[in-house]
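What you see is a predicted model, and the numbers here were worked out from it, not measured in a lab.
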Amino acid sequence: METKTQAEGRATRLQFSRSTGTLIWAVLPVLFTALAIASPLTAFLSVFILCPTFYLVRYDRTRPPDQRVDLETFIWTYVLTGTVGTAAVLVVQSLLSYLLALAFFQGQTAQLLREIQRGEDEVASLDAETLAARRLMAGRWQYWTFMLTFAGFAASVPEELLKYAGLVYARRRGRVAHAHNYVTLGAASALGFSTVENVGFVYAAAKLQNQGYGELLLTLFERVAVGTPMHVMGGLLVGIAASRRDFRGEALSLVRILRVPVLIHGAWDFSLFASSALDGNVGWVHPRGRSLLIVLAIAISTQLVMVLVVRKKYASWEAQEKEK
């Protein structure tokens with residue numbers, strides 16, 4: 001009798017609303033089918049892109065029952081940050097980048113934005129005169145100031161704010177019953193954005209007919225093994241700080257909740273743009289030779305710093321939870 005009751009309880013908890021059922025069994029399969037038609041290779045590789053999401057769900061299901069996230073809340077937070085949220089972030093970042101370019105480059109704004117938008121294949125085919133002009137622009141103080149303000153504010157703030165917005169949505173429209181839900185949902189918000197972003201990068205790489213599988217696999221590795229953990233750890237920091245405010249009553253402003261992930265995120269983005277600029281490039285172009293070693297050192301050190309910060313914050317947070 002006890003086993004039957006437990007099974008019925010699990011079945012009840014897995015019964016989704018009509019809107020959620022439609023999303024899972026109709027909308028998402030249609031989107032995946034459309035992706036498979038447009039790029040079968042991207043659709044295949046998306047399975048690997050989704051691995052961190054599968055792991056997060058599995059991790060959450062291993063938590064004590066009272067600490068597990070409501071699955072509907074998880075799904076909608078993940079999907080909305082990945083779709084509506086990502087679109088909003090792109091619009092805001094595009095507007096801010098234009099305003100910053102206008103502020104620092106004025107009459108050369110269009111030229112700067114054009115150079116930033118060039119793909120690596122296009123850069124490789126440029127003539128010597130255009131490459132020299134790019135190196136000249138990459139060495140100007142205006143460009144370095146633009147990179148610093150873009151990375152430290154225009155890129156990092158909207159993305160970290162999106163992770164916080166995911167928590168706000170979950171709190172107001174979903175079901176949040178335990179402080180640990182914020183930790184999981186912060187990571188889910190980050191993964192919603194990161195997954196869509198990664199699919200976009202892999203899709204763009206797969207569409208380039210003249211590059212081999214090596215470049216495509218490099219893109220997949222960079223996005224899943226490097227980019228995704230940075231986003232997730234930022235989401236964890238946002239979730240931990242927000243839970244301290246909402247569940248413990250600590251007086252934490254939005255600035256205090258976001259400042260650490262924004263600072264690390266901005267430093268990470270700036271270091272990548274800076275390493276590319278030192279090679280004479282405008283925007284992001286994969287480094288080669290010694291510059292590649294510098295980027296790898298930056299990536300490893302930044303990841304380690306982020307891991308240490310998250311572990312320290314989480315350990316302190318969890319210790320206080322156990323005391324309660």
Side-chain angles (χ1 to χ4, degrees), residues 38-39 41-42 45 90 93-156 197-227 230 265-302:
S39 175
L41 184 56
T42 304
L45 294 177
L90 289 176
Q93 288 179 335
S94 297
L95 177 61
L96 290 175
S97 65
Y98 175 78
L99 293 176
L100 289 173
L102 188 64
F104 294 116
F105 281 84
Q106 299 177 2
Q108 294 182 308
T109 298
Q111 180 185 354
L112 171 67
L113 296 177
R114 182 173 62 251
E115 295 301 330
I116 290 176
Q117 293 168 2
R118 290 187 191 274
E120 294 193 31
D121 272 19
E122 184 181 358
V123 171
S125 64
L126 294 175
D127 57 56
E129 183 179 353
T130 305
L131 290 174
R134 283 172 59 86
R135 284 194 295 270
L136 182 63
M137 178 175 286
R140 294 172 58 181
W141 70 265
Q142 291 95 333
Y143 179 65
W144 283 79
T145 308
F146 169 82
M147 285 192 300
L148 180 62
T149 51
F150 178 79
F153 176 73
S156 59
E197 182 184 50
N198 292 350
V199 169
F201 274 101
V202 171
Y203 177 84
K207 281 297 183 181
L208 293 178
Q209 300 296 327
N210 57 337
Q211 72 176 16
Y213 287 107
E215 292 291 334
L216 177 60
L217 294 177
L218 174 62
T219 299
L220 180 67
F221 175 80
E222 289 175 339
R223 301 314 310 170
V224 176
V226 181
M230 290 296 296
H265 190 153
W268 164 255
D269 283 351
F270 176 73
S271 65
L272 294 180
F273 286 127
S275 64
S276 185
L278 289 174
D279 270 351
N281 292 305
V282 177
W284 170 247
V285 175
H286 278 93
R288 298 289 187 268
R290 185 175 61 179
S291 296
L292 176 59
L293 297 178
I294 294 174
V295 170
L296 289 175
I298 292 171
I300 293 172
S301 59
T302 306

| Is any side-chain heavy atom of Leu96 closer than 4.5 Å to a side-chain heavy atom of Gln93? | no
| said: How close do Tyr143 and Ala277 get, counting heavy atoms only, and between which atoms? | reply: CE2-CB, 3.9 Å
| remark: Scanning both residues in full, the closest heavy-atom pair of Gly266 with Ser156 reads N-CB, 3.8 Å
| message | According to side-chain hydrogen bond (donor to acceptor under 3.5 Å, both in side chains), who are the partners of Ser39, at least two apart in sequence or on a separate chain? | response | Thr42
| message | Could you check whether any side-chain heavy atom of Ile116 comes within less than 4.5 Å of a side-chain heavy atom of Phe150, counting everything from C-beta outward? | response | no
| Side chain to side chain, Gln142 and Gln108, heavy atoms closer than 4.5 Å | no
| Taking only residues two or more places apart in sequence or in another chain, which ones pass side-chain contact (heavy atoms from CB on, under 4.5 Å) with Ala274? | Trp144, Phe270
| Atom CG in Leu220, atom CG in Leu45: separation rounded to 0.5 Å? | 5.5 Å
| Qualifying residues under side-chain contact (heavy atoms from CB on, under 4.5 Å), relative to Ala299, sequence neighbours excluded | Trp268
| note | Contacts satisfying ring pair (Phe, Tyr, Trp, His ring centres under 6.0 Å) that involve residues 96-135 (not counting sequence neighbours) are none
| request: Would you check, one step at a time, whether the test side-chain contact (heavy atoms from CB on, under 4.5 Å) holds for Thr130 with Arg118? | output: CA-CA 12 Å; Thr130 305; Arg118 290 187 191 274; 4.2 Å; yes
| field | Nearest atoms (heavy-atom pairs only) where Val295 meets Leu272 | value | CG1-CD2, 3.9 Å
| request: With the side chain counted from C-beta on, respond yes when Leu278 and Ile294 share a heavy-atom pair under 4.5 Å apart, and no when they do not. | output: no
| request: Please examine the side chains of Val123 and Leu131, heavy atoms only from C-beta on, and report whether any two atoms are closer than 4.5 Å. | output: yes
| request: Using the test side-chain contact (heavy atoms from CB on, under 4.5 Å), find all partners of Leu95 that sit at least two apart in sequence or belong to another chain. | output: Leu99
| Taking every non-hydrogen atom, the tightest pair across Thr109 and Ala101 | OG1-O, 3.3 Å
| field | Main-chain N/O of Phe273 paired with Ser276 side-chain donor or acceptor, under 3.5 Å | value | no
| request: Would you check if Glu197 and Arg223 make a side-chain contact, meaning some heavy-atom pair closer than 4.5 Å? | output: yes
Please tabulate, for the side chains in residues 279-287, all donor-acceptor contacts under 3.5 angstrom to protein atoms that are two or more places apart in sequence or on a different chain.
residue : atom : partner : partner atom : Å
Asp279  : OD1  : Ser291  : OG           : 2.6
Asp279  : OD2  : Ser291  : OG           : 3.1
His286  : ND1  : Glu120  : OE1          : 3.3
His286  : ND1  : Glu120  : OE2          : 2.4
His286  : NE2  : Glu222  : OE1          : 2.9
His286  : NE2  : Glu222  : OE2          : 2.6

| query | Gln117: what forms a side-chain hydrogen bond (donor to acceptor under 3.5 Å, both in side chains) with it, not counting sequence neighbours? | reply | none
| query | Partners of Glu129 by salt bridge (charged side-chain N to carboxylate O under 4.0 Å, His left out), sequence neighbours excluded? | reply | none
| Partner set under side-chain hydrogen bond (donor to acceptor under 3.5 Å, both in side chains) for Ser301, not counting sequence neighbours | none
| Could you give all pairs that pass the salt bridge (charged side-chain N to carboxylate O under 4.0 Å, His left out) test and reach residues 130-156, with sequence neighbours left out? | Glu115-Arg134
| query | When rounded to the nearest 0.5 angstrom, what distance separates OG in Ser275 from CG in Leu296? | reply | 10.0 Å
| request: Return the minimal non-hydrogen interatomic distance between Val202 and Leu216, and the atom names on each side. | output: O-CD1, 3.8 Å
